[in-house]
Student: 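Quick one: the structure is below, and I'll ask about it shortly.
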Amino acid sequence: RGAADAAEGPVAVTRFWLVRHGPTHARTMIGWTDLPADLSDSAALMRLSAHLPKHAPVISSDLTRAMATADALGPRPRLPHDPALREINFGQWETRPFAEIEAESPDHIRAFWDRPGDIAPPGGESWNALSIRTWAALDRLQDLAPDIIVVAHFGPIVAALQRAEGLSPEAAFAHRIDNLSVTSLSLAPPKVFSINHRP
C-alpha cells in the first residue's frame with residue numbers, strides 16, 4: 001500500500017520507517033551544519049531500499065545528508081523536505097570536537113549528554129525542544145499513508161523511540177542508531193517493530 005490509499009479514507013495505523021542518513025565521517029559536533037553524506041556503499045543502499053516498503057512515500061529533513069540519502073533509495077513518492085526533522089541544533093558547539101568543548105565547559109556538556117532535557121548548548125537547542133518539534137512533524141504525517149519512510153538523524157529517531165516506548169530522555173538516549181539503519185514504529189497506538197536494523 002502507498003500514498004494513494006489515503007484517498008480511500010483514514011488510515012488506521014501509520015507505520016514509520018525511520019532511516020538514519022548515510023555517514024558524514026565527521027568527528028565533531030554536527031547538528032544543523034549541512035555536511036554531505038557518504039553514499040558510496042551502493043550494496044548497502046540496495047539492501048536498504050529492498051527492505052523498505054516499495055510504494056511508501058518518503059520524507060526527509062532539509063539537510064543535504066538526509067535529502068541525498070532519500071534520493072538514493074530509488075524512485076518513490078516524495079513529500080516536501082521538513083526542517084522539523086533536522087538533527088539537534090548544537091549552536092556554538094557546531095563543528096567543534098567534543099574534547100575541546102569538554103575542556104572549555106565540562107559541566108555544561110556533561111549535563112547536556114547525561115541529563116537530556118531542558119539543557120541546551122549556547123545558542124542551540126535542548127533535547128526537549130528537539131523532541132517537541134519531532135513529535136509535531138510525525139503527528140502531521142499521521143493517517144497520510146499506512147507506511148511512511150522518514151530519512152532523518154540520530155536525534156529525531158531517538159525522540160520518536162522515546163515517545164513510542166514511553167521512555168525517559170536518558171533511557172531513550174541509550175539507544176544506538178547506526179547510519180543507514182532502520183527503526184520502525186507506530187505512534188498511534190505506540191508500538192516498536194524494530195530498532196537499528198541493518199538490512
Student: State yes or no: do L141 and L18 share one hydrophobic cluster built from I, L, V, M, F, W and Y residues joined by side-chain heavy-atom distances below 4.5 Å, directly or via other members?
Tutor: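 Yes, it is one cluster - the side chains of L141 and L18 are joined through contacts under 4.5 Å.
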Student: Got a donor-acceptor contact below 3.5 angstrom from the E94 side chain to the G31 backbone?
Tutor: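 Such a contact is found between E94 side chain and G31 backbone.
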Student: Examine I119 and F154 and state if one hydrophobic cluster contains both, with Ile, Leu, Val, Met, Phe, Trp and Tyr joined whenever side-chain heavy atoms are less than 4.5 Å apart.
Tutor: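 Yes, I119 and F154 fall within the same hydrophobic cluster.
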Student: What do you reckon, are the aromatic ring centroids of F173 and W127 less than 6.0 Å apart?
Tutor: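 Yes.
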Student: Establish whether V158 and I59 are linked, either directly or via other cluster members, by ILVMFWY side-chain heavy-atom contacts under 4.5 Å.
Tutor: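 V158 and I59: one cluster.
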Student: Would you confirm whether D34, through its side chain, and T64, through its main-chain N or O, come within 3.5 Å as a donor-acceptor pair?
Tutor: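 Yes, D34 side chain to T64 backbone: donor-acceptor pair under 3.5 Å.
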Student: Closest approach of P190 and A164, non-hydrogen atoms and distance?
Tutor: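 Reported closest heavy-atom pair: CB-O, 3.4 Å.
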Student: Main chain of T14, side chain of S186: is a donor-acceptor contact present, judged purely on distance under 3.5 Å?
Tutor: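 Judged by distance alone, no pair lies under 3.5 Å.
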Student: Within 45° of the ring axis of F193 and under 6.0 Å from its six-membered ring centre, is that where the NZ or CZ of R15 lies?
Tutor: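 Flagged: R15 positioned over aromatic ring of F193.
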Student: Could you tell me whether R65 and E87 have a side-chain N and a carboxylate O separated by less than 4.0 Å?
Tutor: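 Not counted as a salt bridge, because no side-chain N and carboxylate O are separated by less than 4.0 Å.
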Student: Starting from L39 and following side-chain heavy-atom contacts under 4.5 Å between hydrophobic residues (I, L, V, M, F, W, Y), which residues can be reached?
Tutor: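 W17, V19, L45, L48, L52, V58, L73, I149, V151, L180, V182, all in the cluster of L39.
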Student: As an exercise, state the distance from CZ of F90 to CE of M29, rounded to the nearest 0.5 Å.
Tutor: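 Rounded to the nearest 0.5 Å, the CZ-CE separation comes to 4.5 Å.
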Student: Assess whether side chain to side chain contact (heavy atoms under 4.5 Å, CB included) is satisfied between R78 and D71, documenting all intermediate values.
Tutor: CA-CA 9 Å; R78 291 293 287 270; D71 290 342; 2.7 Å; yes
Student: Please test W93 against H108 for ring pair (Phe, Tyr, Trp, His ring centres under 6.0 Å), starting from the C-alpha separation and ending with a verdict.
Tutor: CA-CA 11 Å; W93 293 350; H108 192 168; 5.0 Å; yes
Student: Rounded at 0.5 Å granularity, tell me how far CD in Q162 sits from CD1 in I157.
Tutor: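 So the gap between those two atoms works out to 14.0 Å.
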Student: Closer than 3.5 angstrom, by distance alone: can the side chain of R76 be matched with the main-chain N or O of S49 as a donor-acceptor pair?
Tutor: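 Checked: pair present.
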Student: Look only at the side chain of T69 and the backbone of G22, and say whether a donor-acceptor pair between them is shorter than 3.5 Å.
Tutor: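 Present.
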Student: Out of curiosity, S194 OG to H51 NE2, how far, rounded to the nearest 0.5 Å?
Tutor: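 So the gap between those two atoms works out to 5.5 Å.
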Student: Does atom CZ of R115 have more than 12 heavy-atom neighbours from other groups under 6.0 Å away?
Tutor: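 Counting other residues, nucleotides and ligands, CZ of R115 stays at 12 neighbours or fewer.
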Student: Looking at A129, is its backbone amide N or carbonyl O close enough to the side chain of S126 to form a donor-acceptor pair, meaning the two atoms are under 3.5 Å apart?
Tutor: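 Flag set: sc S126 to bb A129 pair under 3.5 Å.
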Student: Just jot down the salt bridge (Lys or Arg N to Asp or Glu O under 4.0 Å) partners of D139, sequence neighbours excluded, or say none.
Tutor: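 In terms of salt bridge (Lys or Arg N to Asp or Glu O under 4.0 Å), with neighbours along the sequence ignored, D139 is linked to R163.
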Student: Salt bridge (Lys or Arg N to Asp or Glu O under 4.0 Å) with D41: which residues, sequence neighbours excluded?
Tutor: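 Here no residue qualifies.
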Student: Indicate yes or no: at least one non-hydrogen side-chain atom of Q142 is less than 4.5 angstrom from one of L187.
Tutor: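 Yes. Closest side-chain heavy atoms under 4.5 Å.
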Student: Less than 4.5 Å apart, side chain to side chain, heavy atoms only: is that true for P97 and R27?
Tutor: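 A side-chain contact is absent here, since even the closest heavy-atom pair is not under 4.5 Å.
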Student: Using only atom types and a distance under 3.5 Å, with no angle test, would you say the side chain of N89 pairs donor to acceptor with the backbone of G124?
Tutor: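 Checking the backbone N and O of G124 against the side chain of N89, no donor-acceptor pair under 3.5 Å is found.
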Student: Would T134 and I132 count as a side chain to side chain contact (heavy atoms under 4.5 Å, CB included) if you check the C-alpha gap in whole Å, the side-chain angles of each, and the deciding distance to 0.1 Å?
Tutor: CA-CA 6 Å; T134 298; I132 289 168; over 6 Å; no
Student: Could you tell me whether the side chain of H197 reaches within less than 4.5 Å of the side chain of T183, counting heavy atoms only?
Tutor: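 They are not in side-chain contact.
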Student: Tell me whether L144 shares a hydrophobic cluster with L138, the cluster being built from Ile, Leu, Val, Met, Phe, Trp, Tyr side chains joined at under 4.5 Å.
Tutor: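 Yes, because L144 and L138 connect within a single hydrophobic cluster, where side-chain heavy atoms sit under 4.5 Å apart.
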Student: Do H153 and R20 make a side-chain contact, defined as non-hydrogen atoms from C-beta onward lying under 4.5 Å apart?
Tutor: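 No, their side chains stay 4.5 Å or more apart.
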Student: Does any non-hydrogen side-chain atom of T28 lie less than 4.5 Å from one of R96?
Tutor: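 Heavy-atom side-chain distance check fails, nothing below 4.5 Å.
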Student: Hey, is R86 close enough to D62 for a salt bridge, meaning N to O under 4.0 Å?
Tutor: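 A salt bridge links R86 with D62.
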Student: In sequence, state the C-alpha distance, the side-chain angles, and the governing distance for I195 and R176, and then conclude on side chain to side chain contact (heavy atoms under 4.5 Å, CB included).
Tutor: CA-CA 8 Å; I195 299 174; R176 178 184 176 125; over 6 Å; no
Student: Please step through side chain to side chain contact (heavy atoms under 4.5 Å, CB included) for the pair L161 and I177, ending with a clear verdict.
Tutor: CA-CA 11 Å; L161 275 171; I177 305 294; 4.1 Å; yes
Student: Between CG of D178 and CG of N196, what distance do you get to the nearest 0.5 Å?
Tutor: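 That separation rounds to 4.0 Å.
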Student: Nearest 0.5 Å, what's the CD1-CD1 distance between I88 and I30?
Tutor: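 Spacing of CD1 (I88) from CD1 (I30) equals 13.5 Å.
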Student: Rounded to the nearest 0.5 Å, what separation is found between the NE2 atom of H175 and the CG atom of L167?
Tutor: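 Rounded to the nearest 0.5 Å, the NE2-CG separation comes out at 5.0 Å.
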Student: If hydrophobic clusters are built by linking Ile, Leu, Val, Met, Phe, Trp and Tyr wherever their side-chain heavy atoms come under 4.5 Å apart, do L79 and F16 end up in the same one?
Tutor: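 As far as the 4.5 Å side-chain criterion goes, F16 and L79 are connected within one cluster.
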Student: In plain terms, say whether E102 and R110 are close enough for a salt bridge, that is, a side-chain N and a carboxylate O under 4.0 Å apart.
Tutor: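 Counted as a salt bridge, because a side-chain N and a carboxylate O are separated by less than 4.0 Å.
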Student: Any side-chain heavy atom of P189 sitting closer than 4.5 Å to one from V13?
Tutor: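 Yes. Closest side-chain heavy atoms under 4.5 Å.
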